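All values derive from a computational prediction rather than experimental measurement.
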Amino acid sequence: MWDRLLTDCRVATMVPAPGNPLGIIEQGAVGIQDGRIVRAGKRTELAGYHARDVVPLGGAWVTPGLIDCHTHLIFGGNRANEHAMRRAGATYEEIANAGGGIVSTVSATNQADTTSLLASAAMRLDALMKGGVTTVEIKSGYALDVDGELRLLRCAAALAASEAVWVSPTLLALHALPADFKDRREDYVRIVVDELIPAAAEEGLATAVDAFCERVAFTPDEVERVFDAATRHGLRVKLHAEQLSNQDGAALAARYQALSADHLEHLDAAGAAAMAKAGTVAVLLPGAFYALQETRKPPVQMLRDNGVPMAVATDCNPGTSPLLSPTLAMNMACTLFGLSPEEALAGMTTNAARALGLEEETGSIAPGMAADLCVWRIESLAELGYWIGLPGPERRIYAGQDG
């Protein structure tokens, strides 16, 4: 006997079939046992199965739980003042050069105690969960020293232990150069390579290592040293690439079989081809594009033409994407970047799972996958990319349980 049986629903399995790219099952049902999906099919096909808890859904849509595959969720303070500066015409680089940007959040984060960091992050995480998120990536990157970065990763682990959500922790090893290393870039990169990455790997605090490859951040050569270190310690890599300029970061990421390259507004054809060959996912972040009032969009058609899978994420962070709604991120991906509603849904389910290396665990509705689901009271799936900030699902199911 199964634990639960969801019936009388329309199911978007996200398992493609000929003529059915979203794997839609009309008049469907989903069986759940021990937090896993055991069967998904027509209601009539599952009529002979019994469950302790039968849940009729009255024709609602069921999708995989949403996956936010790029967030900077743990930080102190906020940067609302920079929002005002941008409205007055300041650019990202001008704010950073004036001592704002990432460095200001680093100061606020390092001054905050762990209890307050966890409390504020939990509030942001709760908003994402109410929006339908069942898996979230959480990056470090707002401490810029070994002990502080490890503290942020331990905070991510604490959230994973206390909340009904799967947390994928990422060590954002190169985010910004600390002020006291202004004239000692080599020393800072050496500390990251020789101390921070080994410590995070030894303690099992991260599954991937990230970096910010940009003129205002770190060079491709510096990123390559960090990627070499990550690889030596058995960690996957991902990269903030081609957001403000083309530094050939996407091609660099692809050489290391990166899980993802993220932002990509300045991606070129060579970078897209390299990503396609490596299986690297393009993570599109419309919240940052919107907040920064950028005009150059990611080359979505180029990504399509090369067969690069596209994920969508909130990029929740205090400076350039204070976005806490996964459904708004999907809408923005459609309205600002030209994704279809189907692409946006895949971007926050199957492709987002690939961007985290979790495609065998979550992101689709199939036997053996985690029973992480959303139940939506909508008429068509297109509404997920249509409404501007749809509040969230009627029912969020994590590991088979409502929550």
Within 6.0 Å of [atom1] in [X], more than 12 heavy atoms from elsewhere:
X: Gln301; atom1: CD; result: yes
X: Trp166; atom1: CH2; result: no
X: Glu379; atom1: CD; result: no
X: Phe181; atom1: CZ; result: yes
X: Gln27; atom1: CD; result: no

Under a 4.5 Å cut-off applied to non-hydrogen side-chain atoms, are [X] and [Y] in contact?
X: Val146; Y: Val192; value: no
X: Leu150; Y: Arg154; value: yes
X: Val193; Y: Val226; value: yes
X: Val283; Y: Cys69; value: yes
X: Gln243; Y: Glu294; value: no
X: Thr7; Y: Leu57; value: no
X: Val62; Y: Cys374; value: no
X: Leu345; Y: Val312; value: no

After noting the C-alpha distance and the side-chain angles of Phe212 and Leu174, does the key distance pass the side-chain contact (heavy atoms from CB on, under 4.5 Å) rule? CA-CA 6 Å; Phe212 187 16; Leu174 293 182; 5.9 Å; no
If I compare all heavy atoms of [X] with all of [Y], which pair ends up nearest, and what's the gap?
X: Ile74; Y: Leu117; answer: CG2-CB, 4.4 Å
X: Ile365; Y: Ala12; answer: CD1-O, 3.7 Å
X: Gly363; Y: Ala353; answer: CA-CB, 4.2 Å
X: Leu339; Y: Glu343; answer: CA-OE1, 3.4 Å
X: Ala156; Y: Val167; answer: O-CG1, 3.9 Å
X: Leu171; Y: Ala200; answer: CD2-CB, 3.9 Å

Supply the atom-to-atom distance [X] [atom1] to [Y] [atom2], rounded to the nearest 0.5 angstrom.
X: Glu137; Y: Leu356; atom1: CD; atom2: CG; value: 6.0 Å
X: Ile138; Y: Leu125; atom1: CD1; atom2: CG; value: 6.0 Å
X: Cys9; Y: Glu26; atom1: SG; atom2: CD; value: 10.0 Å
X: Arg39; Y: Ile37; atom1: CZ; atom2: CD1; value: 13.0 Å
X: Leu384; Y: Thr349; atom1: CG; atom2: OG1; value: 10.0 Å
X: Leu284; Y: Leu264; atom1: CG; atom2: CG; value: 7.0 Å

For [Y], does its backbone N or O pair with a side-chain atom of [X] as donor and acceptor, under 3.5 Å?
X: Glu359; Y: Asn351; result: no
X: Asn306; Y: Ala276; result: no
X: Asp3; Y: Asp34; result: yes
X: Ser116; Y: Asp113; result: yes
X: Glu242; Y: Gly249; result: yes
X: Glu45; Y: Lys42; result: yes
X: His263; Y: His240; result: no
X: Asp8; Y: Pro56; result: no

Are the charged groups of [X] and [Y] less than 4.0 angstrom apart, N to O?
X: Arg36; Y: Glu361; result: yes
X: Asp210; Y: Lys238; result: no
X: Asp126; Y: Lys130; result: yes
X: Arg296; Y: Glu265; result: no

Should the pair His175 and Tyr142 be assigned to parallel (<30°), tilted (30 to 60°) or perpendicular (>60°) ring geometry?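 Tilted.
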Mind telling me whether Phe289 and Phe337 have parallel, tilted or perpendicular rings, with 30° and 60° as the class edges?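 Aromatic pair Phe337/Phe289 classed perpendicular.
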Does the side chain of [X] pick up a donor-acceptor pair with the side chain of [Y] at under 3.5 Å?
X: Ser260; Y: Asp262; result: yes
X: Thr314; Y: Asp68; result: yes
X: Arg396; Y: Thr134; result: no
X: Ser245; Y: Gln247; result: yes
X: Thr350; Y: Arg354; result: no
X: Thr105; Y: Arg79; result: yes
X: Asn317; Y: Thr320; result: yes

Apply the test side-chain contact (heavy atoms from CB on, under 4.5 Å) to residues Val11 and Ile24: give CA-CA distance (whole Å), side-chain angles for both, the deciding distance (0.1 Å), then the verdict. CA-CA 5 Å; Val11 185; Ile24 291 172; over 6 Å; no
Before giving the answer on salt bridge (charged side-chain N to carboxylate O under 4.0 Å, His left out), spell out for Arg190 and Glu222 the whole-Å C-alpha distance, their side-chain angles and the decisive distance to 0.1 Å. CA-CA 9 Å; Arg190 180 190 56 77; Glu222 290 165 339; over 6 Å; no
Donor-acceptor pairs under 3.5 angstrom involving side-chain atoms of residues 385-392: please list them, not counting sequence neighbours.
{"unit_1": "Trp387", "atom_1": "NE1", "unit_2": "Glu383", "atom_2": "OE1", "d": "2.9"}

Could you walk me through whether Arg4 and Asp402 pass the salt bridge (charged side-chain N to carboxylate O under 4.0 Å, His left out) check? CA-CA 11 Å; Arg4 303 188 87 180; Asp402 290 354; 3.1 Å; yes
